[in-house]
Amino acid sequence: MSNQKPAIPKGTRDFGPEEMSKRNYIFNTIKGVFQKHGYAQIETPAMENLDTLLGKYGEEGDKLLFKILNSGDFLNGIDPLKMQASGANATSLLLCEKGLRYDLTVPFARYVVQHRDEIKFPFRRFQIQPVWRADRPQKGRYREFYQCDADIIGSTSLLNEADLISIIDEVFGKLAVRVKIKINNRKILAGIADYIGQPDKIIDITVAIDKLDKIGMDAVMQELQLKGLEVQSIYKLEPLFAITGDNRAKLSQLRRILQNSESGIQGIEETEKLFGYMDTLAIPSETELGISLARGLNYYTGTIIEVKALDAEIGSVCGGGRYDDLTGIFGLKDVSGVGISFGADRIYDVMNNLNLFQAGSKTASKVLFANYGDKEVKYCLPLLSQLWQKDINAELYPDPVKLSKQFSYADSKNIPFMVLVGEDEMKEGFITVKNLFSGEQQKVSSVNEIIEIIGQKN
RNA sequence: GUGGUCGUAGCUCAGUUGGUUAGAGCGCCAGAUUGUGGCUCUGGAGGUCGCCGGUUCGAGCCCGGUCUUCCACCCCA
């Protein structure tokens with residue numbers, strides 16, 4: 001048999017011990033802030049029924065869903081001719097009834113509807129799990145990545161938005177990542193579509209506007225023309241991009257321009273109220289009204305939030321928004337929710353590039369017991385056990401190899417202390433403890449003395 | 001999904017217009033040093049040159065396909 005080459009699927013990654021300790025630092029930080037704000041953790045399965053997932057993320061999203069082939073004889077009852085005729089996409093729906101989740105929000109909506117009788121609203125939940133997208137990998141873009149979601153569902157209050165923004169600010173503050181929080185409102189975008197007289201083109205308009213920073217106004221207008229917008233309508237957009245000043249000034253200019261659009265005014269009022277709350281909370285992060293911010297899945301209906309890292313070129317590190325009727329499709333009407341999602345993998349990339357992870361803590365062990373052979377090991381095991389009982393991270397070298405090897409093992413793992421018990425120690429009844437950083441070495445006679453030397457803390 | 005790009009030792013990378021036996025540094029192993037690491041010195045192991053096919057007397061190098069990496073678009077965390 002030929003050797004098979006070890007490999008993992010495109011766009012997925014292994015995480016080694018060092019990466020995991022950094023990743024856990026991020027996860028624990030986010031989790032801690034979520035819990036501080038009263039959110040409770042849930043988990044949902046990696047796979048959902050395809051009909052739960054399909055149609056929630058737009059046409060593009062559906063294409064990016066990983067589908068799971070049915071078990072058993074999945075060809076049973078499938079007509080090959082029909083298969084050929086209907087094409088790959090339609091056929092996949094005959095062969096697959098499950099798919100990997102694409103985000104955490106839709107499974108959450110499903111969860112809320114399914115468990116509505118057990119849930120006390122308003123419900124604050126958080127969820128930290130991987131999601132999968134059959135996208136083509138790129139920088140900061142993976143096929144398997146973790147999202148850290150916090151949502152509050154069953155309340156329309158803008159206090160919830162303010163709460164989530166405060167969470168964003170705290171998380172990035174703790175992680176020492178400088179960010180800009182951009183805020184917009186889908187109703188303002190709808191107002192813009194109203195204003196230029198093309199309310200039916202809101203999706204095309206928002207998608208194009210979203211690229212303003214990147215490709216410039218001319219290119220945006222060109223794209224809109226391609227999408228079939230009237231030239232006249234497109235020119236009406238111009239004054240919108242000319243608004244300037246701080247957030248409040250921008251909002252009042254917008255109010256004048258969109259005065260005839262009901263949803264536009266509503267969006268402006270919501271946003272003004274939200275900025276009011278944020279002022280009261282005194283959020284230290286930079287926050288900005290960005291009417292060019294449109295990204296977001298089709299289900300957002302109100303506030304839209306996006307967070308960019310200031311010191312790194314990478315997509316957004318956190319995004320979110322309000323969705324008024326996400327649960328409606330599962331049969332639970334009139335339940336509004338708002339949520340955010342941290343992209344842990346991107347945050348990791350940013351922090352790694354900026355060297356924001358604290359050095360050290362590379363190892364778990366504080367002490368390595370040298371292994372001189374069976375007799376000595378038997379003598380050491382009770383000592384080791386006592387250290388464990390004192391919650392001190394310690395390990396015994398498993399094989400009686402020559403000492404220099406055991407020393408370099410400790411070196412490479414940054415283990416600060418070694419305990420040496422050989423023939424001499426056993427004969428005379430003492431224990432040698434060596435500090436590998438200073439090279440200092442001393443003889444002690446009890447576990448307590450060992451602890452004293454190495455210090456309690458791990 | 002469209003267009004481009006990368007792949008040589010465990011890691012980072014050299015490798016001339018196609019020419020004999022593919023190199024370096026780091027790491028690893030052994031020894032100098034039999035109960036003491038980091039430093040130094042000496043020696044050693046380790047390669048289907050991503051994979052498959054083609055051109056050629058001859059391919060790491062040229063051509064085609066494929067997989068992977070990274071990048072732009074689309075879209076997104």
Side-chain angles (χ1 to χ4, degrees), chain A residues 2-13 16 26 30 57-65 88-89 102-105 128-149 168 203 206-208 210-211 214-215 219 223 293-298 305-309 313-321 339-350 368 370-373 376 397 400-427 432-441:
Chain A
S2 71
N3 272 346
Q4 114 181 24
K5 197 173 255 180
I8 54 176
K10 185 204 289 233
T12 65
R13 296 149 303 153
I26 294 173
I30 292 172
Y57 309 107
E59 220 175 299
E60 278 307 310
D62 284 356
K63 278 193 232 161
L64 299 180
L65 283 173
N89 215 33
Y102 177 92
D103 73 357
L104 300 178
T105 307
I128 298 176
Q129 289 190 274
V131 303
W132 294 269
R133 297 184 186 178
D135 214 349
R136 197 173 278 202
Q138 235 179 88
K139 186 164 210 79
R141 181 177 260 194
Y142 306 101
R143 292 185 131 183
E144 176 184 63
F145 60 96
Y146 272 73
Q147 290 193 328
C148 311
D149 274 37
I168 292 171
I203 301 272
T206 54
V207 167
D210 192 24
K211 296 176 195 159
K214 206 165 165 186
I215 64 179
E223 180 167 331
L293 166 60
R295 78 182 37 235
L297 305 155
N298 298 350
I305 301 163
E306 180 179 81
V307 184
K308 289 254 187 199
E313 276 299 320
I314 199 161
S316 61
V317 289
C318 177
I340 52 171
S341 178
F342 290 89
D345 303 81
R346 285 189 177 173
I347 295 172
Y348 176 94
D349 290 344
V350 170
L368 175 69
N371 185 329
Y372 286 88
E376 292 87 348
Y397 198 91
V401 298
K402 62 182 209 171
L403 264 193
S404 68
K405 189 158 175 143
Q406 302 192 39
F407 267 93
S408 56
Y409 171 83
D411 277 336
S412 68
K413 281 189 71 180
N414 271 330
I415 296 173
F417 294 95
M418 265 183 81
V419 168
L420 303 153
V421 178
E423 223 176 300
D424 299 348
E425 281 86 350
M426 283 181 67
K427 208 185 312 170
T432 298
V433 180
K434 175 158 183 166
N435 179 327
L436 294 189
F437 295 153
S438 64
E440 212 178 322
Q441 160 168 337

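Every chain is numbered from 1, with letters handed out A, B, ... down the list of sequences. Side chains included, hydrogens not; waters and symmetry mates left out as well; all remaining heavy atoms used.
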Distance between [atom1] atoms of [N] and [M] (Å, rounded):
N      : M      : atom1 : value
B/rA9  : B/rU48 : P     : 9 Å
B/rG10 : B/rA77 : P     : 39 Å
B/rC11 : B/rU2  : C1'   : 35 Å
B/rG7  : B/rC62 : P     : 11 Å
B/rC52 : B/rC57 : C1'   : 23 Å
B/rU8  : B/rA14 : P     : 10 Å
B/rC29 : B/rU66 : P     : 42 Å
B/rG27 : B/rA22 : P     : 25 Å

Which part of the nucleic acid, if any, lies within contact of [X], taking any heavy atom under 4.0 Å across all strands shown: a base, the sugar-phosphate backbone alone, or nothing?
X        : value
A/Gly422 : base
A/Gly58  : nothing
A/Gly140 : base
A/Gln138 : base
A/Gln441 : base
A/Val131 : nothing
A/Leu420 : base
A/Tyr372 : base
A/Gly11  : sugar-phosphate
A/Tyr142 : base
A/Asp345 : nothing

Nearest listed nucleotide, side chain of A/Lys10, among B/rA77, B/rG37, B/rU68: B/rU68
Among B/rC74, B/rA77, B/rU36, which is the nearest nucleotide to the side chain of A/Ser316? B/rA77
Roughly how far, to the nearest 0.5 Å, is CZ of A/Arg143 from CG of A/Leu64? 9.0 Å
Whole-Å gap separating [atom2] ([N]) and [atom1] ([X]):
X        : N      : atom1 : atom2 : value
A/Glu423 : B/rU34 : CD    : C1'   : 12 Å
A/Arg133 : B/rG1  : CZ    : C1'   : 17 Å
A/Asp62  : B/rG1  : CG    : P     : 16 Å
A/Leu65  : B/rC76 : CG    : C1'   : 13 Å
A/Lys402 : B/rA30 : NZ    : P     : 6 Å
A/Leu64  : B/rU2  : CG    : P     : 14 Å
A/Leu403 : B/rG37 : CG    : P     : 9 Å
A/Lys413 : B/rG37 : NZ    : P     : 20 Å

When you measure only distances, ignoring hydrogens and angles, does the side chain of [X] come within 3.5 Å of the base of [N] through a donor and an acceptor?
X        : N      : result
A/Arg136 : B/rU69 : no
A/Arg346 : B/rC76 : yes
A/Lys434 : B/rU36 : yes

Quick one: are A/Trp132 and A/Thr12 in side-chain contact, heavy atoms under 4.5 Å? no
For B/rC28, what is the paired nucleotide under Watson-Crick or G-U wobble rules, both distances under 3.5 Å? B/rG44
Does the side-chain ring of A/Phe145 sit on the six-membered ring of the B/rA77 base, less than 5.5 Å centre to centre and under 30° in tilt? yes
Please answer whether the main-chain N or O of A/Tyr397 pairs with a side-chain N or O of A/Asn371 as donor and acceptor at a distance below 3.5 Å. yes
Do [X] and [Y] have a side chain donor and acceptor closer than 3.5 Å?
X        : Y        : answer
A/Asp349 : A/Tyr142 : yes
A/Asp103 : A/Tyr57  : yes
A/Glu425 : A/Thr432 : yes

On RNA chain B, nearest-nucleotide positions of A/Ile8 versus A/Glu425: which is more 5'? A/Glu425
Reading RNA chain B from 5' onward, which residue's closest nucleotide shows up sooner: A/Lys63 or A/Leu436? A/Lys63
A/Lys211 side-chain N/O to B/rC74 phosphate OP1/OP2 under 4.0 Å: yes
What are the two closest non-hydrogen atoms of A/Pro130 and A/Glu144, and how far apart are they? CB-CG, 4.3 Å
Compare every heavy atom of A/Met418 with every heavy atom of A/Ala370, then report the nearest pair and how far apart it is. CB-CE, 3.7 Å
